[in-house]
Amino acid sequence: MLFQATKMSLKIDTSALGHPHKPKCAFNPLSRFKPLSKVVFITSAFAALLSSSAFSAETHSEHEIRLVSAGTGVTELVLALDAGNELIAIDSTSYVPEGLAHVAKLGYHRMLSAEGIIALSPTLVVGSDVMGPETTLNVLKQANIQVVQLPATNDEPQLMSNVDTLGQLLNRPDNAVKLKQDLHQQLQSLADKKQQISDAGAQPKILFMLLQEGRGARVGGKGTAADTIIALSGAQNIAEFDGYKSMSQEGILSLQPDIILLSKRSDKPAEQTNAQIAQELIKEMPLLAHTPAGKNGHIQTLAPQALLGGLGISAISAADALASTLLKQNQ
């Protein structure tokens with residue numbers, strides 16, 4: 001809120017002041033009180049600021065939650081806790097159902113704008129440990145907005161801890177207990193499938209490829225999100241290097257993958273079917289048709305959100321779907 005001081009010019013007839021022996025002259029009654037006038041102005045401005053803050057507090061009740069969620073994994077947990085109605089904005093990596101289409105879409109969760117967030121009057125901003133930049137988070141905190149960064153989820157205990165934290169922040173403790181039970185059951189089911197795949201013999205060899213417009217396909221090696229999903233399913237990531245690396249058709253052919261996993265990096269949900277994406281890949285890289293995956297039609301897609309946010313709901317779901325596919329192939 002802006003405040004503007006306006007000086008007022010006063011003309012007073014000195015004859016009315018009752019000093020007949022003093023010569024008449026222009027007299028400013030405020031001149032004797034300049035220090036006091038400054039104090040009054042500053043005090044008034046400060047009072048107006050406090051009034052504005054009080055008005056804002058009254059507008060959003062003490063128990064109202066206006067949530068900004070930054071990060072796919074975080075947003076998925078918010079929705080799973082049945083707290084979607086608290087959302088006022090999400091980052092560009094997050095997805096929400098059509099019923100929440102009114103929720104504002106912010107930028108990339110690593111490059112958030114403080115001004116854009118503050119304009120939405122949130123009471124709580126929750127994101128992953130890579131939410132940022134730090135300057136934006138500091139500005140939000142200075143604006144008395146609660147900012148919470150959840151640690152990366154690389155294992156079940158940390159995932160459960162994050163669910164507990166969100167349950168408390170969003171006043172959904174009972175939902176958090178139920179969600180933890182569901183997630184534990186899913187992970188237990190996945191572990192059982194993984195054991196069945198291991199008992200069946202040799203681990204299936206899987207190659208993960210990340211497709212991006214304007215760039216060549218890149219293969220995901222050790223330490224990537226795709227590597228985590230493949231390991232959870234009980235299969236073997238055939239790429240032995242760390243991180244992502246571009247590979248030629250000949251290089252991929254030499255690896256002879258049993259299954260090729262594909263994911264398209266995009267801010268929008270995939271509109272193409274699994275078969276369409278597979279056909280496009282074979283068209284662009286025809287040598288892949290001579291791999292076991294290409295010959296048997298074992299080319300399938302992986303939801304891009306499963307690759308973000310560590311061990312989360314989408315990653316568990318993707319690993320479970322992959323494990324189910326592997327079991328069917330072994331039958």
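Small disclaimer: the values here were computed from a predicted structure and weren't measured.
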Looking at [X] and [Y], would you say the former's side chain and the latter's main chain have a donor-acceptor pair under 3.5 Å?
X: R66; Y: I88; result: no
X: K180; Y: S161; result: no
X: T136; Y: L112; result: yes
X: E76; Y: S314; result: yes
X: T153; Y: G309; result: yes
X: Q203; Y: S198; result: no
X: D227; Y: A239; result: no
X: S254; Y: G251; result: yes
X: D91; Y: L106; result: no
X: S324; Y: D320; result: yes

Crowded around K222 NZ? As in, over 12 foreign heavy atoms under 6.0 Å? yes
Can you see whether Q196 engages D192 through a side-chain donor-acceptor pair at a distance of less than 3.5 angstrom? no
For a quick check under 3.5 Å, do N138 and Q142 share a side-chain donor-acceptor pair by atom type?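 No, because no side-chain N or O of N138 sits under 3.5 Å from a partner of the opposite role on Q142.
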For P133 versus M111, what's the shortest heavy-atom pair and its separation? CD-CA, 3.9 Å
Within the structure provided, determine whether P204 and Q329 are in side-chain contact (heavy-atom separation under 4.5 Å). no
Are the charged groups of D174 and K178 less than 4.0 angstrom apart, N to O? no
